[in-house]
Protein chains: 2
Amino acid sequence: MAKKVTSLDVARLAGVSQSAVSRVFTQGASVSPDMSKRVRAAAETLGYRPNALARGLITGRTKIIGLVVAYLDNPFYPDALEKLSTALQAEGYHLLVFTTGKHGVDTDRVISELLDYQVDGIITASITLSGELTRRCAAAGIPVILFNRGIPGSGLAAVTSDNRAGGRKAAEFLLAGGHARIAHITGFAGASTSRDRRAGFEAALDAAGQGLHAVEDGRYDRATAAEATRRLMDRPDPPDAIFVANDHMALAVMDVLRFDLGLKVPEDVSILGYDDVPMAAWPAYDLTTVRQPTRRMVQATVEELMALLETPTRTARSIEIDGPLVVRGSARLPEGQDR
Amino acid sequence: MAKKVTSLDVARLAGVSQSAVSRVFTQGASVSPDMSKRVRAAAETLGYRPNALARGLITGRTKIIGLVVAYLDNPFYPDALEKLSTALQAEGYHLLVFTTGKHGVDTDRVISELLDYQVDGIITASITLSGELTRRCAAAGIPVILFNRGIPGSGLAAVTSDNRAGGRKAAEFLLAGGHARIAHITGFAGASTSRDRRAGFEAALDAAGQGLHAVEDGRYDRATAAEATRRLMDRPDPPDAIFVANDHMALAVMDVLRFDLGLKVPEDVSILGYDDVPMAAWPAYDLTTVRQPTRRMVQATVEELMALLETPTRTARSIEIDGPLVVRGSARLPEGQDR
DNA sequence: CGAATGCTTGCATACCTATGCAAGCCGAGT
DNA sequence: ACTCGGCTTGCATAGGTATGCAAGCATTCG
């Protein structure tokens with residue numbers, strides 16, 4: 001196992017000082033072309049690369065962003081993770097990933113460990129932070145961005161789709177389709193996405209003078225959503241349309257309807273989802289759904305993060321990105337509307 | 001933005017030396033109970049936690065594992081990533097994640113950046129390393145483990161399922177089902193998994209005196225696999241069974257057969273996949289497939305990695321884990337066999 | 001009671017790099 | 001020709017922690 005090669009080794013070989021080597025590898029430092037050439041040559045022969053840890057220790061910027069994510073079985077998150085990673089790499093940052101597990105009990109421990117690594121910023125996906133943690137991050141001067149969650153009144157930066165508008169679009173489409181008994185399967189009660197989607201959905205139904213026919217809790221979980229579906233359809237007056245709070249559950253709902261209950265979608269029941277995950281477009285499901293524009297959400301997240309890193313005093317923004325309703329075949333079309 | 005609180009601050013408050021503070025937070029150092037109590041109290045009031053960067057700089061162990069992954073749209077990988085992260089966190093390690101993108105051109109740059117962070121080890125998923133990189137990691141004394149890939153003769157540690165055996169099981173099941181024209185859609189030609197699955201599959205067919213009816217390249221990609229399916233079925237003598245090199249492609253194949261070509265699975269064509277991703281069990285697909293035991297593969301990966309970190313001189317092992325054929329409904333059952 | 005042993009603790013240093021400061025050099029302006 | 005300014009470079013130090021070494025202390029054994 002070879003010893004690590006340090007800037008001092010390079011300096012000796014090139015016959016210059018250690019600081020000269022450092023400057024050659026530091027963006028925007030004052031170095032003559034000749035010096036740069038000699039140092040780079042020496043570094044090349046020795047295989048030298050700056051130690052990111054030492055650099056981070058002294059500059060106070062590690063170029064590491066902590067990502068906290070609860071689970072990855074909803075395909076929306078791997079997709080976002082991949083795009084986030086790519087976008088951050090382009091800015092010279094890298095992702096230190098922490099998972100909290102479904103139950104998310106140890107979020108506090110996890111964030112503490114993140115702080116130990118002196119991350120420059122934190123992105124949380126599908127995670128809600130305690131006020132205590134929020135304060136600790138603020139005290140450490142570390143910006144936090146909530147991805148696909150918001151905590152109203154917390155003053156934390158957040159990037160979501162426009163969930164209220166999305167819920168509204170879902171309601172309007174189902175109303176236009178002439179549905180009479182419209183039900184909803186919610187996500188997780190503690191999640192802003194779930195609350196907002198429901199609020200927008202319900203408001204639009206109310207505005208049309210038609211209330212929500214039934215509600216069940218799906219907890220953003222396949223099995224729970226499947227149970228909820230059975231309960232809904234067991235009623236004496238089963239719904240003729242269900243708006244499901246995300247695609248991940250909506251696919252499970254369609255499975256139950258078609259394979260357990262022998263019903264047809266959308267002839268017997270219309271299904272609407274939320275997210276537009278890749279699978280929603282597959283012909284086996286062909287799910288009508290409200291798109292969350294992952295690419296733009298990621299882009300907004302990275303931009304906001306970079307802005308906060310640049311200007312820590314900046315007030316954090318809460319960004320909502322509008323997404324279209326993607327009309328496919330899982331919900332009855334409004335009269336006269338083609339796809 | 002508060003200044004960072006250091007071990008020196010804690011030492012002053014507790015009226016002890018900085019080294020004492022360090023020892024309290026260092027596993028296995030000699031500290032009296034009284035000292036520990038006082039220091040911890042002081043640390044608590046100041047909100048002190050050891051700086052992982054500084055610690056890593058001096059100990060040479062960062063407790064960071066680099067994970068390099070090409071893409072996450074095959075759901076096998078998010079699942080593995082989540083389990084890996086959880087298992088490593090339990091051992092006190094954390095994942096620094098790098099994505100190379102589909103084209104994987106910049107693997108070299110990516111690994112270089114990983115090395116900059118002085119990671120203790122590297123896990124690569126669905127990535128093949130150049131010999132050059134391998135040498136550099138070895139020179140830096142950093143163990144590398146290939147997850148779900150192997151590079152024969154490279155001497156690198158690798159964890160895979162027993163892909164040859166898996167291919168064999170697939171062939172035997174299709175043969176037992178009485179299929180006469182058995183085709184195969186391969187993965188990516190550069191991937192050991194694809195080569196081994198094919199080798200086992202073909203060997204078993206040959207042993208039965210029945211050759212491979214047709215082969216197409218699917219490149220572990222949905223769109224490519226869909227094209228391959230159309231070519232196969234366009235032949236004058238289309239196959240009556242297709243073994244697809246992974247589930248991700250197999251689902252696309254089923255979509256094409258059923259929705260584009262109007263064929264029935266398994267009545268017209270039997271389909272076999274590989275991986276047993278969660279979606280394979282969903283009733284819309286109900287895919288018969290060879291399971292890759294993710295949990296055991298992850299466990300083996302972590303164990304091997306820990307062993308290599310403990311004893312760097314240890315010769316790396318190549319671990320193959322056997323997985324069962326999971327019989328579902330996408331392939332005709334052998335005569336007399338129930339599910 | 002003296003010496004030897006074992007546990008604690010502080011001192012000093014090392015890990016590797018970035019950067020303020022001052023010195024050196026060269027060219028330009030008057 | 002002299003001075004001034006700008007660009008380069010080296011020196012020295014900081015950043016936060018772990019650890020070898022020696023000193024201090026208590027304990028135990030003969």
Side-chain angles (χ1 to χ4, degrees), chain A residues 1-40 42-43 46-64 92 115-120 140-141, chain B residues 1-40 42-43 46-64 92 115-120 140-141:
Chain A
M1 183 176 350
K3 307 286 162 222
K4 307 193 187 274
V5 30
T6 78
S7 59
L8 201 60
D9 299 325
V10 177
R12 272 194 284 260
L13 177 61
V16 300
S17 74
Q18 178 270 328
S19 29
V21 178
S22 169
R23 274 189 265 262
V24 169
F25 286 94
T26 301
Q27 196 70 345
S30 162
V31 188
S32 72
D34 174 63
M35 169 71 80
S36 178
K37 214 182 65 183
R38 278 169 59 198
V39 167
R40 284 186 194 281
L46 293 181
Y48 168 79
R49 306 208 86 213
N51 182 325
L53 257 54
R55 173 176 283 181
L57 183 56
I58 191 166
T59 61
R61 323 204 105 220
T62 55
K63 297 281 191 170
I64 299 180
L115 295 179
D116 293 351
Y117 280 101
Q118 317 294 112
V119 294
D120 289 344
Chain B
M1 181 175 353
K3 307 286 162 223
K4 307 193 187 272
V5 30
T6 78
S7 60
L8 202 59
D9 299 326
V10 177
R12 272 194 284 260
L13 177 60
V16 300
S17 73
Q18 178 270 329
S19 29
V21 178
S22 169
R23 273 189 267 262
V24 169
F25 286 94
T26 302
Q27 196 70 344
S30 162
V31 188
S32 72
D34 174 62
M35 168 72 78
S36 177
K37 215 182 64 183
R38 278 171 58 199
V39 168
R40 284 185 194 283
L46 293 182
Y48 169 78
R49 306 207 85 214
N51 182 324
L53 256 53
R55 174 177 281 181
L57 183 57
I58 191 167
T59 61
R61 323 206 105 220
T62 54
K63 296 280 190 173
I64 298 180
L115 295 178
D116 294 350
Y117 281 102
Q118 317 294 112
V119 294
D120 289 345

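Here is how names work: the chains are called A, B, and so on, in the same order as the sequence lines, proteins then strands, and each is numbered from 1. Reckoned from all heavy atoms, side chains included, excluding hydrogens, waters and symmetry mates. Small disclaimer: the values here were computed from a predicted structure and weren't measured.
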Query - Close side-chain approach of B:Leu57 to A:Asn51, heavy-atom, < 4.5 Å - result: yes
Query - A:Val16 and A:Arg38, any side-chain heavy atoms less than 4.5 Å apart - result: yes
**Report entry** Those residues that, when tested against A:Asp9, pass side chain to side chain donor-acceptor pair (under 3.5 Å) (two or more places apart)
**Finding:** A:Arg12
Query raised in the report: Mapping B:Pro33 and A:Arg49 to their closest nucleotides on DNA chain C, which lands nearer the 5' end?
Result: B:Pro33
Roughly how many Å is it from [atom1] in [X] to [atom2] in [N], rounded to a whole number?
{"X": "B:Met35", "N": "C:dC7", "atom1": "CE", "atom2": "P", "result": "16 Å"}
{"X": "A:Asp9", "N": "C:dC15", "atom1": "CG", "atom2": "P", "result": "11 Å"}
{"X": "A:Lys37", "N": "D:dT8", "atom1": "NZ", "atom2": "C1'", "result": "17 Å"}
{"X": "A:Tyr117", "N": "D:dT17", "atom1": "OH", "atom2": "P", "result": "14 Å"}
{"X": "B:Asp34", "N": "D:dC25", "atom1": "CG", "atom2": "P", "result": "16 Å"}
{"X": "B:Leu8", "N": "C:dT13", "atom1": "CG", "atom2": "C1'", "result": "15 Å"}
{"X": "A:Leu57", "N": "D:dA18", "atom1": "CG", "atom2": "C1'", "result": "13 Å"}
{"X": "A:Asn51", "N": "C:dA14", "atom1": "CG", "atom2": "C1'", "result": "14 Å"}

Query - Out of D:dG16, D:dC11, D:dT8, whichever nucleotide has its closest atom nearest the side chain of A:Ser30 - result: D:dT8
Report task. Quick one: closest heavy-atom pair of B:Tyr48 and B:Val5, and the distance? Result ->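 What the structure gives for the nearest pair is CD1-O, 3.3 Å.
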Report summary line: By salt bridge (Lys or Arg N to Asp or Glu O under 4.0 Å), B:Arg55 pairs with (sequence neighbours left out) none
Requested in this report: Tell me what B:Thr6 touches on the nucleic acid: a base, only sugar-phosphate, or nothing, going by heavy atoms under 4.0 Å.
Outcome: sugar-phosphate
Report task. Return no unless some side-chain N or O of B:Ser7 is found under 4.0 Å from OP1 or OP2 of D:dT17. Result ->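 For D:dT17, OP1 or OP2 has a side-chain N or O of B:Ser7 closer than 4.0 Å.
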Query raised in the report: Distance check: side-chain N/O of B:Ser32 vs OP1/OP2 of C:dT8, anything under 4.0 Å?
Result: no
Query raised in the report: Under 4.0 Å between a Lys/Arg side-chain N and an Asp/Glu carboxylate O for B:Arg61 and B:Asp120?
Result: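 Salt bridge: no.
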Requested in this report: Output the distance between atom OG (A:Ser7) and atom CZ (A:Arg49), rounded to the nearest 0.5 Å.
Outcome: 14.5 Å
Query raised in the report: In the 5'-to-3' direction, what one-character label does each nucleotide of nucleotides 18-27 of chain C receive under the scheme B = base within less than 4.0 Å of a protein heavy atom, S = sugar-phosphate only, - = no such atom?
Result: BBB-------
